Amino acid sequence: MNKQNSKHYFCKMNIKKVRVRFAPSPTGGLHLGGVRTVLFNYLFAKHFNGDFILRIEDTDQTRFVEGAEEYIYECLNWLGLQPDESPKHGGNFAPYKQSERKPIYKQYAEQLIVQGNAYYAFDTAEELDTKRKTEANFQYNLHTRMGMKNSLSLSAEETKKLLDEKKPFVIRIKMPDNEEVKFTDMIRGEVKFNSNQIDDKVLLKADGMPTYHLAVVVDDYLMKISHAFRGEEWLPSAPVHILLWQYLFGIENMPQWAHLPLILKPDGNGKLSKRDGDRLGFPVFAMDWTDPKTNEKTIGFKERGFLPEAFINMLVMMGWNDGTDKEIFSLQELIDAFLMERVHKAGAKFDYEKAKWFNHEWIKKSTNYKLQTTIENLLKENNITAIDLNKLDQVIELVKDRCTFLTDFIQQSSFFFKQPETIDITAIQPKWNEQRNLFFAELIRTYELTQQWQHEVLENEFKEIAAVNEIKPGELMLPFRIMLVGGKFGPHVFNIAEILGKEETIKRIKHCLTLLK
RNA sequence: GGCCGGUUCGUCUAUCGGCUAGGACAGCCCCCUUUCACGGGGCAAAGACGGGUUCGAUUCCCGUACCGGCUACCA
């Protein structure tokens, strides 16, 4: 089935430039699932040298959220998934914001009325509400529409009168009677519906704005979209869109649809939501999002310490693979390897542990140079200035293996640049004695004379003195570590000492010895 | 309720009719390591169920179960 599909869309592509779109409604934080939709769009488009378009679906004016659009650009920017066309980037099919395209939609809605595929409906929201309350499973459809207040049930004169009186109305699609509506989904193959099952969806709202159903069809046509990807939750309304294409622009011009599998909660079942992240302690949004009304801040993957490469890599592997065991992919590798045929049908439960693994892998894989700026800024935010970039490079090299998050670099490398604020003296105090005190005094004298300040040398000297004093080196390593880093963490002590340098190392030992007195 | 979709280790997945069902994360064990990691090695762990089709079904078909999505003048 999938193979046939691929042939199908390959044929189409020879005559049609690949153009895809991501069409979010700017109502809040950018969800994991949204990012994955962006990603699949982007990878597919770039694989075929096509265009990736960002269209803002802001037709619901009641849901306008300040800053949400700008936030989407920031997320895409962080991820390195830049649109070729967007409200911000411009393009030949502007405007890309549906609220600015309002006049366009009306003419198509009216065309549908003229053709007999749609009708005016004057029922108020309250009337519909009560209807739904009194009649279980009420649907505005072939069975009920003649009992409602619309241009099908009313005479032409009555309708005209209501229109002339400027009575509020919506335009609804007239679903055909008992027709089979089918299409071929790139992921699922042929999907069929019976038109009787679907209600007469509103196409144009009382405020003159289109609903998603009309807007998506009109804009996909006008923007010459060749392939339309969206979440699986849209599958049930696909027949409305298919019919609209048929009525308005011709089914042969319709983009190829792909309904992407959902990202599910790690525990239990159902779509992953922001709530789940809060509850289970992991981010769901790409970047920090602060609700302008409540001022409530929701953590993002970026601020949690994820590398965009890792975030992308993790998301793409939920539902796609290249057929081999390869799991780590760069963006370019993904672009090269990405094929729709290899997209999985079933939803995937989000696994934060695996997400962390991807991030760790990417931190280890990244060059020190690449990490440098990010880490420098991170340290700066924590009042640590790493002016010596050469030293920072050495530190990153030494420490990156043990950082799962970028934020782990704060704890793992602060002490290289700044004397530890707190020293876990209780970890060494109980076993501290005069013999150890003398050892470190001697160590200071030796290190002061050390010519080659290298970890091998330092380690040898350390062990020699231990041997002479008949102390097991193991008993001295921990105290030494605490003296240099303040706690029981960090890379090998002598590597730390090497990077710290002679002066600083000795200073820290001395400081600690006074604390132990 | 109706419609649509989905179903391989705990999780993400491979398998395009030949399977001793492979990999990764997590788990457990061992090695390395005079902190913690990294790394190396190993163990355990799966085809929802019932019918077909077939020499042979995880793979194809049908049914059942379970899970999910949708059922707004929201997307």
Side-chain angles (χ1 to χ4, degrees), chain A residues 1-3 23-27 57-60 62-63 121 123-125 128-129 132 136-140 168-172 185 187-188 191-194 196-199 201-213 215-216 230-239 259 261-262 264-271 314 317-328 341-342 344-358 360-361 364 399-404 408 412 427 463 466 472-478 480-482 485 487-493:
Chain A
M1 185 82 77
N2 273 337
K3 268 191 189 146
S25 59
T27 52
E57 308 230 341
D58 56 349
T59 53
D60 187 352
T62 63
R63 295 213 301 168
D123 320 271
T124 65
L128 290 170
D129 251 16
R132 275 189 264 264
N137 300 323
F138 172 79
Q139 291 259 284
Y140 208 117
F169 66 87
V170 300
I171 294 179
R172 309 187 88 111
D185 188 273
I187 296 172
R188 282 150 225 286
V191 188
K192 291 182 207 168
F193 301 84
N194 184 295
N196 287 1
Q197 237 70 224
I198 300 135
D199 61 339
K201 295 276 181 226
V202 169
L203 264 20
L204 200 76
K205 301 187 257 189
D207 64 1
M209 280 288 195
T211 58
Y212 173 82
H213 305 297
V216 72
R230 61 186 2 174
E232 194 188 335
E233 70 266 29
W234 288 107
L235 207 43
S237 55
H259 291 88
L262 265 19
L264 279 10
K265 298 178 200 296
D267 60 340
N269 297 298
K271 271 201 285 189
M314 175 274 290
M317 296 312 288
M318 300 186 74
W320 175 89
N321 69 82
D322 75 343
T324 73
D325 288 339
K326 186 173 159 82
E327 289 194 275
I328 302 296
E341 293 90 322
R342 297 216 55 95
H344 201 75
K345 289 183 171 82
K349 289 186 182 177
F350 177 65
D351 182 355
Y352 190 49
E353 291 306 315
K354 187 92 187 216
K356 279 155 71 174
W357 177 78
F358 275 109
H360 194 182
E361 290 303 305
K364 286 190 286 181
V399 138
K400 68 204 248 190
D401 279 358
R402 57 194 71 216
C403 293
T404 299
D408 290 342
Q412 293 291 336
K463 286 183 174 168
K472 277 187 249 168
E475 293 172 7
L476 298 163
M477 302 277 244
L478 186 68
F480 190 35
R481 168 177 299 281
I482 304 275
V485 321
K488 288 185 233 179
F489 59 90
H492 289 288
V493 219

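Bear in mind the structure is a predicted one, so any value in this text is a computation, not a measurement. Any value given below was found using the heavy atoms of this structure, including those in side chains, with hydrogens, waters and symmetry copies removed.
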Identify whether any heavy atom of [X] sits under 4.0 Å from a base atom; if not, whether one sits that close to sugar-phosphate; answer base, sugar-phosphate or nothing.
{"X": "A/H259", "result": "nothing"}
{"X": "A/G490", "result": "base"}
{"X": "A/K356", "result": "nothing"}
{"X": "A/F358", "result": "nothing"}
{"X": "A/M477", "result": "base"}
{"X": "A/K400", "result": "nothing"}
{"X": "A/R342", "result": "sugar-phosphate"}

Expected rows: protein N/O vs nucleotides 22-24 of chain B N/O, under 3.5 Å:
residue : atom : partner : partner atom : Å
B/A24   : O4'  : A/E327  : OE1          : 3.0
B/A24   : O2'  : A/E327  : OE1          : 2.6
B/A24   : O2'  : A/K354  : NZ           : 2.8
B/A24   : N3   : A/K354  : NZ           : 3.2

Could you state the [atom1]-[atom2] distance from [X] to [N], rounded to the nearest angstrom?
{"X": "A/K345", "N": "B/G6", "atom1": "NZ", "atom2": "C1'", "result": "10 Å"}
{"X": "A/N321", "N": "B/U13", "atom1": "CG", "atom2": "P", "result": "9 Å"}
{"X": "A/E341", "N": "B/A14", "atom1": "CD", "atom2": "P", "result": "14 Å"}
{"X": "A/D408", "N": "B/C38", "atom1": "CG", "atom2": "P", "result": "12 Å"}
{"X": "A/K326", "N": "B/U13", "atom1": "NZ", "atom2": "P", "result": "19 Å"}

Determine yes or no for a side-chain-to-main-chain donor-acceptor pair under 3.5 angstrom, with A/S25 supplying the side chain and A/T27 the backbone.
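Pair absent, no side-chain N/O of A/S25 close to backbone of A/T27.
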
Hey, mind stepping through A/L478 and A/K488 against side chain to side chain contact (heavy atoms under 4.5 Å, CB included) and telling me if it holds?
CA-CA 7 Å; A/L478 186 68; A/K488 288 185 233 179; 3.7 Å; yes

Would you measure the distance from the [atom1] atom in [N] across to the matching atom in [M] and give it in whole Å?
{"N": "B/A45", "M": "B/U53", "atom1": "P", "value": "34 Å"}
{"N": "B/U58", "M": "B/U8", "atom1": "P", "value": "15 Å"}
{"N": "B/C4", "M": "B/C43", "atom1": "C1'", "value": "43 Å"}
{"N": "B/G52", "M": "B/A57", "atom1": "P", "value": "11 Å"}
{"N": "B/C3", "M": "B/C9", "atom1": "C1'", "value": "33 Å"}

Using purine N1 to pyrimidine N3 plus N6-O4 or O6-N4 for Watson-Crick, or N1-O2 and O6-N3 for G-U wobble, each under 3.5 Å, what pairs with [N]?
{"N": "B/A24", "value": "B/U11"}
{"N": "B/G2", "value": "B/C70"}
{"N": "B/U64", "value": "B/A48"}
{"N": "B/A57", "value": "none"}

Would you indicate which nucleotide in [options] comes nearest to any side-chain atom of [X]?
{"X": "A/V191", "options": "B/U33, B/C38, B/C4", "value": "B/C4"}
{"X": "A/E353", "options": "B/G39, B/A37, B/C25", "value": "B/C25"}
{"X": "A/K349", "options": "B/G39, B/U11, B/U35", "value": "B/U11"}
{"X": "A/E361", "options": "B/U13, B/G39, B/G2", "value": "B/G39"}
{"X": "A/Q197", "options": "B/G2, B/U7, B/C4", "value": "B/G2"}

Would you call A/F358 and A/M317 a side-chain contact if the rule is heavy atoms closer than 4.5 Å?
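Touching, per the 4.5 Å side-chain cut-off.
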
Using a 4.5 Å cut-off on heavy atoms from C-beta on, say whether the side chain of A/I187 contacts that of A/E232.
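They are not in side-chain contact.
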
Which letter, B, S or -, goes with each nucleotide of nucleotides 65-75 of chain B from 5' to 3', with contact meaning a protein heavy atom under 4.0 Å?
--SSBSS-BBB

Classify the ring geometry of A/Y212 against A/W234: parallel below 30°, tilted from 30° to 60°, perpendicular beyond 60°.
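Rings of A/Y212 and A/W234: parallel, under 30°.
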
Angle class for the A/Y140/A/F138 ring planes (parallel below 30°, perpendicular above 60°, tilted otherwise)?
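A/Y140 vs A/F138 ring planes: perpendicular.
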
Using the purine O4'-C1'-N9-C4 or pyrimidine O4'-C1'-N1-C2 torsion, is B/C38 syn (within 90° of 0) or anti?
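The base of B/C38 is oriented syn (glycosidic angle within 90° of 0).
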
Salt bridge (Lys or Arg N to Asp or Glu O under 4.0 Å) between A/R63 and A/D60, intermediate numbers included
CA-CA 6 Å; A/R63 295 213 301 168; A/D60 187 352; 3.7 Å; yes

